[in-house]
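Proteins get letters first, then strands, A, B, ... in listed order; numbering begins at 1 in each. Note: hydrogens, waters and symmetry copies are ignored here, and every other heavy atom, side chains too, is used.
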There are 2 protein chains.
Amino acid sequence: MTTTAPRRRASISDVARLAKVSVGTVSNVLNRPDRVSPTTRERVLAAIDDLAFVPNGSARQLRAGTITTAGAIVLDVSNPFFTDVARGIEDRLEEADYTLMLASSDENPEREARYLRLFEEHGVQGVMVVPATPDVEHLETLRGRGLRVVLLDRPSPVDTLSSVAVDDRAGAAAAARHLVELGHERIAFLNGPHTIRQCADRSAGLHDALVELGLDPDRALVEITIPTLNADGGQGGTEQVLALADRPTATMCVNDLTALGALRTLRAAGVPVPSGMAVVGYDDVAFAGELATPLTSVRQPTHQLGHRAADLLLDPDDAVVQVTFQPELVVRESTTGVG
Amino acid sequence: MTTTAPRRRASISDVARLAKVSVGTVSNVLNRPDRVSPTTRERVLAAIDDLAFVPNGSARQLRAGTITTAGAIVLDVSNPFFTDVARGIEDRLEEADYTLMLASSDENPEREARYLRLFEEHGVQGVMVVPATPDVEHLETLRGRGLRVVLLDRPSPVDTLSSVAVDDRAGAAAAARHLVELGHERIAFLNGPHTIRQCADRSAGLHDALVELGLDPDRALVEITIPTLNADGGQGGTEQVLALADRPTATMCVNDLTALGALRTLRAAGVPVPSGMAVVGYDDVAFAGELATPLTSVRQPTHQLGHRAADLLLDPDDAVVQVTFQPELVVRESTTGVG
DNA sequence: TTGAAAGCGCTAACAA
DNA sequence: TTGTTAGCGCTTTCAA
């Protein structure tokens, strides 16, 4: 084929003119073909083909008011945890013939706001968001304006917003209990800022468990705040842990990417895992079990999380529902050693 | 705050009425604030705030004709290779204040077509796509209609389309040479269908290298086609390799996710790596170096790939440019053993 | 079965 | 500086 110079997109009236019918008829061919006689329909379809006509979505939407598109904002698209969740969302949306616009806030509230605005401007049916801040007032406002809003991976702090979450306190507590049972009495926790709810909750879960087990958290726990929740953050955090005067014997990581960085750093420093330092991750991503030292991690039902979120977004009753899943500790050699 | 019942979104004329100005003035406040006197501007902004007015993107776009949004379609959002590429795209787009709509074709041409259509309907500035088929005619057509099109991770077969790619033949050839130098004379290749260009090219690169080294590809190479280019595919493919009568001594995988599945399967079967079976991956994703057996892999400049693609999409001259990056073999223990 | 026309919300040209 | 108005491309009455 020859590529023609880009020219104005054909519109419905171009089609109408070529097919010698009215625009209304073209629209009917598009939307209610049975109302059009076979012969004219044929003629119109031929014209559409001829002009390579693609209906203008903006115009359609402007007229119709709403569309079958939903938006999702996660903290980091390069984190397998979030892409697995996105996959769950997509799978559910596809059943309903909806499409997903996916964006990444990078844990930055301004980026989150920017995408939220973009989505709203484009009239999405609703948004699923992993909030970058504890504050969800802007999301309540959005809901007040008629958009569906579902909080992702975060229990709703208000009863006007639906949410789908995993019990982060329980997950972190399970990990802590496991470490204490193995005899660890001093634990480092590489965590993100507490403005991210998951981080705050996991920290609280650790605290709770330590107290419950009769340990003094102020003494048993060293929380190190890392700037980014990925391998680089894990590396930087681990360097700090290794420099600590009274070095902990175990490191708990806020997610598996962070744990990956931690393992890498420990290996480079010649610290054996788990005998020199036990390591626990969070998320149980696909590669966790295949690492040099298979990683003990807290598994979350990612796909289900996304699937359920999309389900709520599509709920015809627009009910407000809070769903909480339970995580599961998966024990591997990074805490128990070979065997 | 109290959540009010969802009602009709405020429009520009609602704002105008409340602020006692014309719609034109409201539009000016929004788009050319300096043309409006401070007092009226104040009044309009107050009204905007009052009504929680958000301009309707569809209407704006319908009027303006185009928007600062670009679309990208990759084969699989859960593959770190593609999310890293997406990250590169986003970073470049953000500089230009563009936003990205990301979608995943799952290697399915129909899904690709569906998203392409969605993007076009929504008037995106352009699309960056990793095509699911060798055929790019539909993309040329799209370009003929005035959309920017950049082929991602795939050299353009035509001179009307820009592309950003990595030399897949060279990457595969380097891996093959490495294996042959280590003494392997029978190599399994877990590959996807040749309808995916990367798969076809990597296969060709392997062939080339073997011939060049004086080996008979028909004897030295066993290509096994896997249905999905992920860990599950790698597992299934490896099971087939292990069942082969004349078992190869090395397995080359079309990507690292596939290699992950291969390593898992080999471990479960008690086959030591690399002494029982050498393994090579492709992409050199973040975890490749941290696996139980650190993975030899072909590194690609993912972030650059995306960054450059977005760059071409935004090019004011709309020039047609074909960019090819060179990959780099990263040798680790999955081929050389401990040491 | 088909056509005519109103109008979705916005921008931009022009007038006042 | 502000207001008026045409029109972007489409869907949807209502009439013919």
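- Contact between the side-chain N/O atoms of A:Ser58 and the OP1/OP2 oxygens of D:dC8 is not found at any separation under 4.0 Å.
- Regarding A:Phe53, its CZ atom lies at a distance of 10 Å from the P atom of D:dG9, rounded to whole Å.
- In the set D:dC10, C:dA4, C:dG9, the nucleotide with an atom closest to the side chain of B:Ser11 is C:dG9.
- Taking atom CD of B:Gln61 as the reference point, atom P of D:dG9 lies 12 Å away to the nearest angstrom.
- For the OP1/OP2 pair of D:dT2 and a distance below 4.0 Å, the side-chain nitrogens and oxygens of B:Ser37 include at least one atom meeting the criterion.
- B:Ser27 comes within contact range of at least one nucleobase, with a heavy-atom separation under 4.0 Å.
- Comparing B:Val36 and B:Ala59, the nucleotide of DNA chain D nearest to each residue sits closer to the 5' end for B:Val36.
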Below 3.5 Å is the cut-off: list the nitrogen or oxygen pairs between protein and nucleotides 5-7 of chain C, distance only.
{"from": "C:dG7", "atom 1": "N2", "to": "A:Arg63", "atom 2": "NE", "distance (Å)": "3.4"}
{"from": "C:dG7", "atom 1": "N2", "to": "A:Arg63", "atom 2": "NH1", "distance (Å)": "3.1"}

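- Look at A:Asn31 and you'll find a side-chain N or O under 4.0 angstrom from OP1 or OP2 of D:dT11.
- The pair A:Asp311-A:Arg308 counts as a salt bridge, with a side-chain nitrogen and a carboxylate oxygen less than 4.0 angstrom apart.
- To the nearest angstrom, C1' of D:dG3 lies 13 Å from CZ of B:Arg43.
- As rounded to whole Å, 10 Å separates atom C1' of C:dT11 from atom CG of B:Leu62.
- Residue B:Thr25 places at least one side-chain N or O closer than 4.0 Å to OP1 or OP2 of D:dG3.
- B:Arg17 has its CZ atom 11 Å from the P atom of C:dG9, to the nearest Å.
- Side-chain nitrogen and oxygen atoms of A:Thr40 include none within less than 4.0 Å of the OP1 or OP2 phosphate oxygen of C:dT1.
- Residue contacts shown for B:Val21 are limited to sugar-phosphate atoms, with no base heavy atom under 4.0 Å away.
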Name each donor-acceptor pair under 3.5 Å that joins a side chain in residues 45-57 of chain A to protein atoms two or more places apart or in another chain, with its distance.
{"from": "A:Asn56", "atom 1": "OD1", "to": "A:Ser58", "atom 2": "N", "distance (Å)": "2.8"}
{"from": "A:Asn56", "atom 1": "OD1", "to": "A:Ala59", "atom 2": "N", "distance (Å)": "3.1"}

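- A:Asp106 places no side-chain N or O within donor-acceptor distance of the main-chain N or O of A:Asn108, the cut-off being under 3.5 Å.
- To the nearest angstrom, P of D:dG3 lies 12 Å from CD1 of B:Ile12.
- Atom pair A:Asp14:CG and D:dC10:P shows a separation of 9 Å (rounding to whole Å applied).
- The pair A:Arg92-A:Glu95 meets the salt-bridge criterion, with a side-chain N (NZ, NE, NH1 or NH2) lying under 4.0 Å from an Asp/Glu carboxylate O.
- In this structure, a donor-acceptor pair under 3.5 Å is absent between the side chains of B:Asp135 and B:Thr133.
- In this structure, A:Arg60 CZ and B:Leu62 CG are separated by 13.0 Å, a value rounded to the nearest 0.5 Å.
- Under 4.0 angstrom from either OP1 or OP2 of C:dT1 there lies no side-chain N or O belonging to A:Arg35.
- Nucleotides of DNA chain C nearest to B:Val54 and A:Asn28 differ in position, and the one nearer the 5' end is that of A:Asn28.
- Relative to the side chain of B:Arg32, the nucleotides D:dT11, C:dA12, C:dT11 differ in distance, and C:dA12 lies closest.
- No donor-acceptor distance shorter than 3.5 angstrom exists from the side chain of A:Ser27 to the backbone of A:Val23, with no hydrogens or angles considered.
- Taking atom CG of A:Asn56 as the reference point, atom P of C:dG9 lies 16 Å away to the nearest angstrom.
- Look at B:Glu140 and B:Arg143 and you find no salt bridge, because none of the NZ, NE, NH1 or NH2 atoms lies under 4.0 Å from a carboxylate O.
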